[in-house]
Amino acid sequence: MTINATDPVSVDGTDRRGRDDFRRRVNRMVRRIPELGIFSTLVLLVAVFSIGAANFRTVDSYTSILTVAANVGIVALGCGFLMISGEFDISVGSVYLIATLFFAQMANAGLIPPLAFLVTLILCAVIGLVNGLITVNLRIPSFIVTLAAMMFYRGMHIILTRGFSVSYKADKEFLEMMAGITFSLMRNTVIWWILLAIILQVVLAKTRYGNWVLATGGDAQAARNSGVPVSRVKVINFALCSLLAGFAGAANMARFLTSQSQLGMGMEFEAITAAVIGGTLLMGGKGSMVGAVLGAIFVSVIRSGLIFFGYSSYIYMPVTGIILMLAVIINRGFSNFRLLQFQRSDA
Amino acid sequence: MTGVRNAQRALAAFTELAGRAPKRSTYIEHVPGAWVLVTRGQGMSDVLTPEGTNFESIAGEVDPVQMQEIVRAHLIANPDVETIHTGWSRPAAWSIEVLREMGKLGNVNEPFEEGKVYVTSIDLDPELLGMIDAGDCVGTIDQQVYLQGWYGAALAWQWVTNQFLIANDISTGPYVVTQENAAALIGQAEAGIRA
């Protein structure tokens, strides 16, 4: 028997064909489930922290991580959805803040709490709608539009409250459903977060609208040429993003019963960080709600894990910065790889 | 240095309860890096460390959800913490809620118990005032503006314009609020005498 140099069975006897098959299977799986990367990293991170710090392996610790993740995670879902369609919203922290005030004031004024909650969500969606309309109609970058909105709504909160805290004084039964504790220490906000993520993931992956969102972010002109209502998609996503920030803000009010002007400060960056770490491309066209969920948990695990490892809590921000940068580099590498593959198949 | 008086008061209150200095104390900077909060932590360390207390400043957040979970993680990782000090009334109230959930909240009306955590703060708000009144918070520093210079300036203006001078010393420094005087402050706030 002769051995050909081009034969998949190599001269040193190793089965190159088998290895190639395995690599192909892995590539296919990663392409089909892009969240596998962040999920594996998260599992590894939890394992490292669990082995390194005995106290980390407690129900209290895990539920604590999920509670923080849910708070940022609900906002990250909206930010991620909008980013997939190619736009940014950095006003979510201020919308989160103003939602606490809307909810408290309306409930204190006598509106029944579920209705006050509903109206709060509508008002927040209107804020997003205005941001979206300005962005698409006046062709102003969403970064600038939402920067202005961020300053406007935080400023309005301070003007309306004169800097004082506003307390919720109405019926508290509904609030328990919003942010109470159901399973052990598990906050209901975690359940809302997971439910919202499932709904949005289904919309993104299984509906025509989800296709439009991905197409709008991937190549707006090509999407427009294919009949996708690009502007409408973007405006709807702005509204959705603000609505979810309002939802998270109302949940915060339900738990702490006060609205104060420092709330939600810096939340926009944490939410965007979670979405990007979860695999959402900054330029749009790629990302998922599952990724955004995993990204939020990842950030929360880092914060808690560092405390359990005995590191100063001041190190959290630089570490998160490094992780964000790595996530962007990996995402950029991924998109360049996809582009290369596309060009090859085109040739 | 700022923070020294806070720590002395907290140390005295804890020593009265436990008969010794705290083994481990945590000070929370709710705005990490803010100079006034950093120096306050240093001042507290200057008082507590020589007493044998393992003193640590940690970075907090102004977001209540994140702040509570930072406190919870810190307490799970360091179960020997006996006192928590904050530079603002809100983190104190949020920490007290976490301690209550964890079954570790120390109350000044009850005998000292190992494993419980006692909280002190700076500034006050209606919720924390209620917690002080109930014994769930050891005490706080009242920083009403008239106690920190405005009173002195107003009296100087009275002297310049009306030659009016009061006969006795007036305390213009920080005023400590404990369970003893919390009810009086709540009454004053309800009467609209003060915020």
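All chains are named by letter (A, B, ...) in the order of the sequence lines, taking the proteins before the strands, and each is independently numbered beginning at 1. This is a predicted model, so every value here is computed, not measured.
Val65(B) pairs in a side chain to side chain contact (heavy atoms under 4.5 Å, CB included) with only one of the listed residues (Leu263(A), Thr189(A), Asn71(A)), which is Asn71(A).
Once rounded to the nearest 0.5 Å, the distance linking CZ of Arg90(B) with OG of Ser165(A) reads 6.0 Å. Atom CZ of residue Phe256(A) and atom CD of residue Gln68(B) lie 4.0 Å apart, to the nearest 0.5 angstrom. Distance check, rounded to the nearest 0.5 Å: CG of Leu75(B) to CD1 of Ile307(A) gives 10.0 Å.
Among the candidates Met267(A), Met265(A), Glu270(A), Gln260(A), the residue making the largest number of heavy-atom pairs closer than 4.5 Å to chain B is Gln260(A). Of the listed residues Ile70(B), Asp63(B), Ile76(B), Asn78(B), the one with more heavy-atom pairs under 4.5 angstrom with chain A than any other is Ile76(B).
Other residues, nucleotides and ligands contribute more than 12 heavy atoms inside 6.0 Å of the CD atom of Gln158(B). Atom CD of Gln163(B) has more than 12 neighbouring heavy atoms from other residues, nucleotides or ligands inside a 6.0 Å radius. Dense packing is recorded around CD of Gln8(B), with more than 12 heavy atoms of other residues, nucleotides or ligands lying under 6.0 Å away. Within a 6.0 Å radius of CE in Met317(A), other residues, nucleotides and ligands contribute 12 heavy atoms or fewer. Residue Tyr314(A) places its OH atom among more than 12 non-hydrogen atoms of other residues, nucleotides or ligands, all under 6.0 Å distant.
In this structure, the portion of Thr258(A) lying under 4.5 Å from any heavy atom of chain B is its side chain and not its backbone. Residue contact with chain B, scored on non-hydrogen atoms closer than 4.5 Å, involves the side chain of Tyr96(A) exclusively. Neither the backbone nor the side chain of Glu56(B) comes within less than 4.5 Å of any heavy atom in chain A. In this structure, the portion of Glu97(B) lying under 4.5 Å from any heavy atom of chain A is its side chain and not its backbone. The contact between Thr58(A) and chain B is made entirely by side chain atoms (from C-beta outward), counting heavy-atom distances below 4.5 Å.
Nearest heavy atom pair, residue Asn55(A) against residue Ala77(B), reads ND2-O, 3.6 Å.
In this structure, Glu69(B) does not pair ionically with Arg187(A), as no charged nitrogen and carboxylate oxygen lie closer than 4.0 Å.
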